[in-house]
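The first residue in the sequence is number 1, and the count goes up from there. In each ligand, atom 1 is the first atom listed, and ligand 1 is the first ligand listed.
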Amino acid sequence: MEFFLRDRAPSDAAIDRDVARSCASKQPYESEASARAVAAMNGMSGALFTYHCRYCDFWHLTRRPTSSGPEIIDD
Ligand SMILES: [Zn+2]
């Protein structure tokens, strides 16, 4: 158990750093409806989808996942 805790903390911190960087470069929307409205305004409603971010507690837009995997966009 002690090993598990010691081993897990650093990787969680690394994930948090990555996500924080991704959040900072992405537009936060206060609701899913707001995010969808922006996607629609940009004519991207078919290419983008919304997700709720558990790190900043806002919504973000991301490209619809493809065979090459999900791709987070900077908007
Ligand atoms: Zn976020």
Side-chain angles (χ1 to χ4, degrees):
M1 194 57 182
E2 204 174 305
F3 168 80
F4 172 78
L5 290 173
R6 198 168 56 236
D7 187 54
R8 180 166 172 73
S11 80
D12 277 0
I15 290 169
D16 284 350
R17 272 197 306 275
D18 284 349
V19 172
R21 198 163 48 229
S22 151
C23 279
S25 67
K26 293 173 72 64
Q27 190 69 39
Y29 302 103
E30 64 185 11
S31 69
E32 182 176 18
S34 298
R36 286 192 186 284
V38 170
M41 275 192 304
N42 289 310
M44 297 291 279
S45 56
L48 299 176
F49 74 96
T50 58
Y51 69 95
H52 178 252
C53 181
R54 68 189 178 95
Y55 293 96
C56 67
D57 205 33
F58 283 97
W59 289 77
H60 297 305
L61 289 170
T62 189
R63 285 188 197 281
R64 194 177 293 279
T66 65
S67 56
S68 62
E71 178 187 355
I72 307 293
I73 63 162
D74 297 328
D75 53 5

Exercise. Which residues satisfy the side chain to side chain contact (heavy atoms under 4.5 Å, CB included) test with Ser45, sequence neighbours excluded?
Worked result: Ala40
Exercise. Do you know how many protein N, O or S atoms are within a distance smaller than 2.8 Å of the Zn ion (ligand 1)?
Worked result: 4
For this session: First locate atom OG1 of Thr62, then atom CZ of Phe49, and finally report the distance between them rounded to the nearest 0.5 Å.
Result: 5.5 Å
For this session: State the CG-CZ distance between Leu48 and Arg63, to the nearest 0.5 angstrom.
Result: 6.5 Å
Exercise. Shared ILVMFWY cluster between Phe58 and Met41, side chains joined below 4.5 angstrom?
Worked result: no
Exercise. Can you list every pair that meets salt bridge (charged side-chain N to carboxylate O under 4.0 Å, His left out) and has a residue in residues 28-43, with sequence neighbours left out?
Worked result: Glu32-Arg36
Exercise. With Tyr55, which residues qualify under side chain to side chain contact (heavy atoms under 4.5 Å, CB included), at least two apart?
Worked result: Ile15, Asp16, Val19, Cys23, Cys53
